[in-house]
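Here the structure is laid out as structure tokens; the discussion comes afterwards.
Note that these values count all heavy atoms, side chains included, but never hydrogens, waters or copies made by symmetry. None of these values were measured; they are calculated from a predicted model.
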Amino acid sequence: ALEAAITAHPTRRSLHLSLIDLQLGYLKQPTLADSSLRRFMRLCGSTPENRRDAAGIYYRRKMMPDAILLAKAAATEVDTMITAHVIVAKALSRSGRAQEGLEYVEGPLSRYPKDISLWCAKASLLIGAGRGDEAVQCADRAVELGPDHYDAHRVRMMALYNAKRYDDALAAALECRKLTKDPREAQFLESMKARIRNLAQGKNDVPSGAAE
């Protein structure tokens, strides 16, 4: 159905991206996805926006080398494309190159010090590196810049959780719950609240260290 739709509407970006996502995910056909990516760039243009959006799919599907290449190309061409910078940093970290990811994010953060997404990304990377206290400081800065920014509060909750500051983490989880109407996020937060309460009461549970 997607192939037929692309034939009928060859420059509709969402169709190409949906096909790449399907091939990388459910179908597990990375070679076909790469072919679809080349067609996407040919028909819709090898623009920074298209590279960034494709990078996001490769990142979500855990194809980190491709995500890094695509996102770096986008960010190099358009430095203000913050989402591309974030994908590069997180993909580096998820490739086992945590320090490299942290070093990378410092560049755009020095140029855009008031960007909430970059502070959230740095906090997330620090959590993954097991540096909970530093992650809390970055998350605090993100919340300071965006008092109603859900992702800032979410990463702060995870940073506090991984720093074993369970009372503060529970308060952050409650604040997060006020800020989202997404049922999946609501379910995640309820799970986190239960886990944090168990830890605060000294029950046997081990922090996951996951920032995502």
Side-chain angles (χ1 to χ4, degrees), residues 1-105 107-109 111-112 115-118 120-125 127-128 149-151 154-155 158 180-185 187-188 208 210-212:
L2 282 168
E3 288 287 5
I6 288 170
T7 299
H9 307 280
T11 59
R12 187 169 293 177
R13 299 170 64 255
S14 60
L15 297 173
H16 292 275
L17 292 168
S18 294
L19 180 60
I20 293 167
D21 187 39
L22 179 66
Q23 290 169 330
L24 288 176
Y26 182 79
L27 295 177
K28 300 188 185 305
Q29 298 174 325
T31 302
L32 284 179
D34 290 343
S35 177
S36 295
L37 174 66
R38 290 191 293 272
R39 180 177 62 179
F40 171 46
M41 295 298 171
R42 185 177 72 253
L43 294 176
C44 298
S46 184
T47 65
E49 292 80 6
N50 287 343
R51 290 183 180 276
R52 176 204 58 200
D53 291 347
I57 293 172
Y58 277 84
Y59 173 80
R60 187 169 66 252
R61 295 304 183 181
K62 301 180 181 179
M63 306 288 288
M64 298 307 163
D66 297 281
I68 292 168
L69 287 173
L70 288 164
K72 267 190 176 180
T76 298
E77 191 168 343
V78 180
D79 188 59
T80 55
M81 191 173 285
I82 301 300
T83 48
H85 287 299
V86 169
I87 291 170
V88 174
K90 287 189 172 183
L92 284 168
S93 181
R94 288 198 169 188
S95 300
R97 299 154 67 182
Q99 186 57 37
E100 199 174 336
L102 282 166
E103 289 171 1
Y104 179 89
V105 81
L109 195 54
R111 298 188 294 277
Y112 312 107
D115 190 277
I116 300 170
S117 296
L118 289 172
C120 288
K122 185 177 179 181
S124 179
L125 295 178
I127 293 169
H149 195 283
Y150 176 72
D151 288 342
R154 190 184 193 276
V155 78
M158 296 305 303
T180 185
K181 294 181 179 179
D182 186 324
R184 290 175 298 179
E185 282 297 300
Q187 184 178 12
F188 167 74
S208 65
E212 298 297 333

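The shortest distance between side-chain heavy atoms of Ile116 and Asp151 does not fall below 4.5 Å. Within the 4.5 Å cutoff, the side chain of Leu19 has no heavy atoms near those of the Phe40 side chain. You'll find the side chain of Met64 stays beyond 4.5 Å of the side chain of Arg97, heavy atoms only.
Ion pairing between Glu3 and Arg39 holds under the 4.0 Å rule for side-chain N and carboxylate O. Glu185 and Arg154 are joined by a salt bridge, as a carboxylate oxygen and a charged side-chain nitrogen come within less than 4.0 angstrom of each other.
Side-chain atoms of Ser124 never come within 3.5 Å of backbone atoms of Cys120 as a donor-acceptor pair (strictly under, hydrogens ignored). When atom types are taken as modelled, the side chain of Thr180 and the backbone of Asp182 share a donor-acceptor pair closer than 3.5 angstrom. For Asn50 (side chain) and Gly45 (main-chain N/O), a donor-acceptor pair under 3.5 Å exists by modelled atom type. At distances below 3.5 Å, at least one donor-acceptor pair connects side-chain atoms of His16 with backbone N or O atoms of Pro10.
Annotation: the span from Arg61 atom CZ to Lys28 atom NZ amounts to 8.0 Å, rounded to 0.5 Å. In this structure, CG in Leu70 is found 9.0 Å from OG in Ser46, a value given to the nearest 0.5 Å. Here Asp21 contributes atom CG and Asp53 contributes atom CG; the two are 12.0 Å apart, rounded to the nearest 0.5 Å. Between the CG atom of Leu17 and the CG atom of Leu37 there is a distance of 9.0 Å, given to the nearest 0.5 Å. For the atom pair Ile20 CD1 and Asp66 CG, the distance stands at 11.0 Å (nearest 0.5 Å). Distance check, rounded to the nearest 0.5 Å: CD1 of Ile87 to NZ of Lys72 gives 13.5 Å.
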